[in-house]
Amino acid sequence: MVPASSVRDDAPVTPWTAPRARVPRPPRVPRSRDRVIAGVAGGWGERWRVEPTVLRAAVAILTLVGGLGIALYAAAALATTDPAPSPGRRPDRIPRREVSIGLATAAMLVAARALGVWPGDEVMLPAAAVAAGAAVTWSWQGSADRDDALPRWLTLTFQAVAGAALVLAGVYSLASRTGGLANVGASVSAIAVVLGGIAMFASPALGKVLRQLDDERSMRIREDERAVVAAHLHDSVLQSLVLIQRSDDPRRMASLARRQERDLRAWLYATPAAGDPDSLHAAMSAMTNEVEADHDVRVEAVVVGDRMLDDHARAVVAAVREAVVNAARHADVERVDVFVEVAHGELTAFVRDVGVGFDPDAVPTDRRGISDSIVGRVGRAGGVAIVASRPGSGTEIEIRLPLPLERANGGRP
C-alpha cells in the first residue's frame, strides 16, 4: 500500500492510489397507506408496480414453510421508511411481474417440499389454493400492457369467479379435514379455517379502506391548512395592499408595509412580537385601535368577561376584525358597534352597522372575505357565524363559539 503522502500530483493513478468512489445506497421504499399490517407489501407493490395482494398472498403461504414468509416480510420492512404523501394517480401495474412473483413463490414451495420443510400436502395444497384465489380476485386488470381483446367487465367477472372458486375449494378442503363443513359449529379447527379463509379473502379490501381513510384525512388536513393560510393572507396582506393603494402619503405606505412585514414574519415563524395582547379584552382593544387608525372609522366595542387569548379567542377576534373592516370599507358608515361576551361556556360576538347593507346571496364567489375569513374561520374553530343583511338596512353578524369545558371558566374574570 502506497502512503498518501508519497503520491505526487502528477503521478499516474493506479488501483492502489485511486480514490475510492462512494457507492450510493439504494433509496428506501416508502411504506404504503394501502396497508393491512404496516404497509410493507403495499410499498413494495407500488415500487414494483404490482398488486400488493399478490405479495401478501406469497408471504402468507411461505409463512407455512418454516416461517420463510415472516423472514422475507421482516427483511422487506427493514428496507422501508415512513409513508410518503399520496401521489395521486398510481402508475399502471405490470401483470408480467405479478406472474413472476407467483412462479417464484411456487418454485420456493417446490424446493421446500423437496427439502422436507413441508406441513404436508393435505394442508399446503388447500392453503395455496386460498392464497392463489385471493391474489387472482384482487389483481384487477388496468395495466399498461393489458390486452384489450376481451371486454373489461368480462375479464373482471372471470377473475372474481375464478378467485372465489379457488378460495372456496381451499377452505372446503381444509375444513373437511377438521370435521367437515357440516360440523363447523362444533369444530374449533373448522371455525378457524373458515375464518382464516374469509380474512385472507377480505384483507385486501380492508387495506384499501384504510388507505382511503388516510387519504381523506390527509386531504382534509391540507384543505384546512390551505383555508387557514388563505384567511390569514386575506386579512393581513391583501388588506394592507388595499390600504397602500388608497394612500397618497409615502410615509404611511412605508409604515403599512413595515407593519405587515413584521406581522407576517411573526405569523410564519410563530414568534409573537413583544407587547402582543395575551387576553381577549386586550386583543379586542388592540384590534379596534388598529382598525380606527387604518380606516378612519369609529369602533364602539364592549367586552363583557375575559379569558386568555387561546385559539378560540383568536378565531373570534380575527372574525370580528374582518367584519369591522368590511363595514368600514363597504357600509359607508362612520361608526361600527361591537359586542363581545364570555359567559356560560360560550364566546359570543355581534358586529352591527347601519350602513347601506347588501344581499349575502349576491356576493360574488371570488370575494372570500365573509365565506373564508368569517364564516369559514369560525366554523373551523367549532362555532357558527350568521350574517344578516339587506340592502338599505345595515348589517349584523352574529358569532357563537362554544368553549372547551376545561377552559370555559378558566379565563380571567
Side-chain angles (χ1 to χ4, degrees), residues 29 31-80 93 95 97-140 159-160 162-178 188-211:
V29 176
R31 293 189 296 275
S32 175
R33 300 182 187 278
D34 180 1
R35 68 186 189 277
V36 174
I37 300 177
V40 175
W44 283 100
E46 293 177 0
R47 169 62 64 86
W48 291 339
R49 294 172 64 181
V50 300
E51 168 60 38
T53 306
V54 176
L55 297 176
R56 295 184 183 117
V59 169
I61 193 63
L62 291 176
T63 300
L64 300 178
V65 290
L68 178 60
I70 297 177
L72 293 175
Y73 190 89
L78 293 176
T80 60
R93 296 186 297 103
R97 296 181 180 178
E98 297 173 356
V99 175
S100 300
I101 293 173
L103 294 176
T105 303
M108 286 187 282
L109 291 176
V110 171
R113 187 175 187 274
L115 295 175
V117 189
W118 191 255
D121 294 347
E122 65 278 2
V123 173
M124 290 302 299
L125 294 180
V130 173
V136 169
T137 302
W138 292 100
S139 296
W140 306 116
Q159 285 185 233
L166 287 172
V167 171
L168 290 176
V171 171
Y172 179 82
S173 178
L174 286 173
S176 298
R177 299 180 183 278
T178 57
V188 176
S189 300
I191 293 175
V193 167
V194 173
L195 292 179
I198 294 175
M200 184 74 181
F201 187 76
S203 60
L206 175 62
K208 296 180 187 303
V209 169
L210 293 176
R211 184 191 66 195

Nearest-0.5 Å distance, CG of residue Leu62 to CE of residue Met108:
4.5 Å
Please name the pair of heavy atoms, one in Leu55 and one in Ala41, separated by the smallest distance, quoted to 0.1 Å.
CD1-O, 3.5 Å
Side chain Glu98, main chain Glu51, donor-acceptor under 3.5 Å:
yes
To the nearest 0.5 Å, what is the distance between CD1 (Ile61) and OG1 (Thr105)?
9.0 Å
Are any of the side-chain heavy atoms of Met124 and Val65 separated by less than 4.5 Å?
yes
What pair of heavy atoms forms the shortest contact from Gly42 to Ser32, and how long is it?
C-CB, 3.3 Å
Minimum heavy-atom separation for Val117 and Gly66, please, with both atom names.
CG1-N, 3.8 Å
Side chain to side chain contact (heavy atoms under 4.5 Å, CB included) assessment of Trp44 paired with Thr80:
CA-CA 9 Å; Trp44 283 100; Thr80 60; 3.6 Å; yes
Might you work through the side chain to side chain contact (heavy atoms under 4.5 Å, CB included) test for Val54 and Arg97, ending with a clear yes or no?
CA-CA 10 Å; Val54 176; Arg97 296 181 180 178; over 6 Å; no
For Ala57 and Ala135 the tightest heavy-atom approach is CB-CB, 4.2 Å
